[in-house]
Amino acid sequence: GACGKETAPIVLLSEDHGWCCADCTPMDPAEALPEGVREHLRCLRTCSAEDAPNPKTQAARACTELLRKRLMKELGGELRSYEVMHRMVM
């Protein structure tokens with residue numbers, strides 16, 4: 001999370017502050033990200049593709065949806081191909 005705490009669950013992806021944990025971002029549990037998001041993100045960052053976490057968990061689906069929306073916003077819309085993405089980011 002933005003505060004650097006490694007143990008509190010991640011509850012929000014903020015445009016201004018990035019990943020925010022439960023300790024520094026009080027939220028209604030019904031609106032917070034599901035439990036396991038921090039662990040899922042850690043696996044994505046450190047594991048090989050073969051050891052990637054189960055994509056069907058609630059945490060994985062929530063992360064995928066947030067990251068996809070963030071990427072689309074950064075790139076200004078949906079991509080038509082990887083070639084277009086490569087030209088946009090290079």
Side-chain angles (χ1 to χ4, degrees):
C3 66
K5 292 184 181 178
E6 292 290 324
T7 56
I10 292 185
V11 294
L12 174 72
L13 176 58
S14 163
E15 273 195 42
D16 297 329
H17 304 291
W19 297 103
C20 300
C21 75
D23 285 352
C24 63
T25 310
M27 287 192 71
D28 180 345
E31 295 177 1
L33 291 170
E35 191 173 322
V37 168
R38 179 182 295 279
E39 293 77 13
H40 180 75
L41 290 169
R42 185 175 290 126
C43 283
L44 289 177
R45 195 175 63 241
T46 61
C47 294
S48 66
E50 294 81 23
D51 297 329
N54 182 352
K56 295 183 180 182
T57 66
Q58 190 177 10
R61 288 192 308 269
C63 284
T64 300
E65 182 179 336
L66 280 173
L67 294 172
R68 184 174 288 137
K69 284 180 184 177
R70 183 76 177 254
L71 178 64
M72 294 302 182
K73 183 176 180 184
E74 293 290 325
L75 295 176
E78 288 201 30
L79 301 176
R80 303 221 187 266
S81 71
Y82 285 106
E83 181 182 340
V84 172
M85 182 177 77
H86 182 71
R87 279 188 261 146
M88 291 177 76
V89 296
M90 294 300 177

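Residues passing the side-chain hydrogen bond (donor to acceptor under 3.5 Å, both in side chains) test with Glu65, sequence neighbours excluded: Lys69.
Summarising the local packing, CD of Glu39 is surrounded by more than 12 heavy atoms from other residues, nucleotides or ligands at distances under 6.0 Å. Within 6.0 Å of CZ on Arg68 lie no more than 12 heavy atoms contributed by other residues, nucleotides or ligands.
The closest side-chain heavy-atom distance from Leu66 to Leu33 is below 4.5 Å.
When all heavy atoms of Arg38 and Ile10 are compared, the pair lying nearest together is NH2-CG1, 3.8 Å. Scanning both residues, Met27 and Val11, for their nearest heavy atoms gives SD-O, 3.6 Å. Across every non-hydrogen atom of Cys20 and Ser14, the tightest pair is SG-CB, 3.9 Å. The two atoms that bring Pro55 and Arg61 nearest to each other are O-CG, 3.9 Å, heavy atoms only.
Note: the hydrophobic cluster containing Leu67 also contains Val37 (ILVMFWY, side chain heavy atoms under 4.5 Å, direct or indirect links).
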